[in-house]
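A short write-up of the structure that comes next.
From a predicted model like this one, the values you see are computed outputs, not experimental measurements.
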Amino acid sequence: MLHLASKALLLLPFVWFSVSEAHENHDNIDCDACIFWEHDRSDCKVYGQIHTGGLIAFHKADAFCLNHYNIHLESMPISKLEAVFPHPDGSGGNLPLFIDLLREDAESTSGPIHDAKLSMTQFFQADSDAFDPRVLFKDRIQLGVTEYDCTQNQQNNCWTALSEYFSETTQGQSEFVNAGQKLWRVVQIDKETEQKSARVAICADNSPAEEYCGELVEQIFEIWRGNSGKDCSIFGLGAAGLHISQVSCYQDEANRFDVSGAQVATKAMEVMMTTIFLTLTLAGIGWS
């Protein structure tokens, strides 16, 4: 038996290699679409259509390229959004910061935060007296058995009620996550629009500089040479839902940063049992 144990020990380096390899391969995500958050792969692709209806994985125009063509679109600063909702699926949101975000937006008459409040019909309504209506608290808010007075001098109570609704009710928690998803989608649409604009600008440029836009320049002109219509507008088409969804792509990408110790331990046990089985099998066929 001791002799068999020594054979098993000889295979332990392969056990560790297999566990390490399984952990490392977890990072090899098939989804390569840019989600426009900090964990995007450095070589992520921006998907767009062409005139034939097919999809092309375009190289991403980076900040140097966008600056070169003076392309900037930002309905909401992504740094501010990441502070409140660090994940594009709305999970892990910071409720106090979200409440602050809503409060800071009190005077706006448009924009993603304005629209987010307007969708919270249990709490807010448009100011019908204004030409460009702001979003205001309703005069009275009913939350369970409690009624809140939300007239001008009592609004602090209503911000407290809104916070309690998001943190303590199932529906509120779901709406909080949904609000994060919607705000991220606004940012993603802005970023996708920047990318489409950059591709059109490169196509229309008589002498696009590869030092600014890299491989995207050659990729665009390869497509241009094969396009009989010679229309730069084809580069302004997005994926229009034909590619893997942003949420699915996010879930794949997020898994790269969520490999638990339990998963690794389970894999280690599986490989160890396989090693013992192989050792006993080899012993049974006379490996001595």
Side-chain angles (χ1 to χ4, degrees), residues 35-40 72-194 245-251 253-254 257-258:
I35 306 171
F36 304 104
W37 72 318
E38 62 178 340
H39 297 305
D40 272 346
H72 302 285
L73 182 60
E74 190 175 70
S75 300
M76 178 180 183
I78 193 168
S79 58
K80 180 177 288 189
L81 176 58
E82 286 176 333
V84 181
F85 292 104
H87 305 296
D89 69 348
S91 64
N94 186 313
L95 181 55
L97 288 183
F98 182 58
I99 296 297
D100 288 344
L101 199 64
L102 298 178
R103 296 188 75 151
E104 292 168 4
D105 198 68
E107 299 301 318
S108 73
T109 58
S110 63
I113 304 301
H114 171 277
D115 294 343
K117 288 195 293 186
L118 200 56
S119 69
M120 302 173 192
T121 55
Q122 183 176 345
F123 294 89
F124 296 100
Q125 63 186 5
D127 182 359
S128 58
D129 295 332
F131 179 74
D132 291 316
R134 296 174 299 151
V135 179
L136 308 173
F137 271 119
K138 292 182 173 181
D139 289 342
R140 297 284 186 274
I141 291 173
Q142 189 74 33
L143 194 60
V145 297
T146 306
E147 183 180 78
Y148 294 85
D149 177 7
C150 295
T151 52
Q152 188 65 34
N153 297 325
Q154 304 294 327
Q155 288 197 5
N156 282 339
N157 292 336
C158 296
W159 287 113
T160 301
L162 182 60
S163 181
E164 291 175 355
Y165 172 73
F166 282 136
S167 62
E168 298 178 9
T169 70
T170 301
Q171 182 177 347
Q173 291 167 359
S174 176
E175 289 182 16
F176 178 51
V177 171
N178 186 252
Q181 292 174 350
K182 288 181 176 178
L183 291 174
W184 264 103
R185 189 58 194 141
V186 169
V187 168
Q188 289 167 335
I189 289 173
D190 284 348
K191 297 302 178 186
E192 289 164 359
T193 301
E194 285 183 340
S245 71
Q246 291 283 4
V247 173
S248 296
C249 192
Y250 163 74
Q251 289 169 343
E253 194 72 3
F257 310 96
D258 189 31

Any non-hydrogen side-chain atom of [X] less than 4.5 Å from a side-chain atom of [Y]?
X: R185; Y: K182; value: no
X: I113; Y: E104; value: no
X: T151; Y: R140; value: yes

Heavy-atom donor-acceptor pair, [X] side chain to [Y] backbone, under 3.5 Å:
X: E194; Y: L73; answer: yes
X: Q125; Y: D127; answer: no
X: S119; Y: A116; answer: yes
X: Q173; Y: F166; answer: no

Any idea which heavy atoms bring [X] and [Y] closest together, and the distance?
X: L97; Y: A83; value: CD1-O, 3.5 Å
X: P88; Y: Q188; value: CB-NE2, 4.1 Å
X: V84; Y: P86; value: O-CD, 3.6 Å
X: E38; Y: E82; value: N-OE2, 3.8 Å
X: S167; Y: L95; value: CB-CD2, 3.6 Å

Let me confirm one number: the [atom1]-[atom2] distance from [X] to [Y], rounded to the nearest 0.5 Å.
X: L101; Y: M76; atom1: CG; atom2: CE; result: 4.5 Å
X: K117; Y: L136; atom1: NZ; atom2: CG; result: 8.0 Å
X: E107; Y: R134; atom1: CD; atom2: CZ; result: 4.5 Å
X: Q122; Y: L143; atom1: CD; atom2: CG; result: 6.0 Å
X: L81; Y: S75; atom1: CG; atom2: OG; result: 11.5 Å
X: I35; Y: H87; atom1: CD1; atom2: NE2; result: 12.0 Å

- Listed by chain and number, what are the salt bridge (Lys or Arg N to Asp or Glu O under 4.0 Å) partners of E175, not counting sequence neighbours?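 So E175 forms no salt bridge (Lys or Arg N to Asp or Glu O under 4.0 Å) with any residue.
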- Message: Just to verify, what does T193 make a side-chain hydrogen bond (donor to acceptor under 3.5 Å, both in side chains) with, not counting sequence neighbours?
- Response: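 For T193, no residue satisfies side-chain hydrogen bond (donor to acceptor under 3.5 Å, both in side chains) once neighbours in sequence are set aside.
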- When the ring planes of F137 and W159 are compared, do they come out parallel, tilted or perpendicular, using 30° and 60° as the limits?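 Because their plane-to-plane angle is over 60°, the rings of F137 and W159 count as perpendicular.
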- May I have the step-by-step check of side chain to side chain contact (heavy atoms under 4.5 Å, CB included) for F98 and L162, ending in yes or no? CA-CA 11 Å; F98 182 58; L162 182 60; over 6 Å; no
- Run the side chain to side chain contact (heavy atoms under 4.5 Å, CB included) check on E147 and I141 step by step: do they pass? CA-CA 6 Å; E147 183 180 78; I141 291 173; over 6 Å; no
- Other residues, nucleotides, ligands: >12 heavy atoms within 6.0 Å of K138 NZ: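 Atom NZ in K138 is packed in, count exceeds 12.
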- Task: Check each of W37, W184, F176 against F85 using the ring pair (Phe, Tyr, Trp, His ring centres under 6.0 Å) test, and report the only one that passes.
- Result: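 In the set W37, W184, F176, the residue that makes a ring pair (Phe, Tyr, Trp, His ring centres under 6.0 Å) with F85 is F176.
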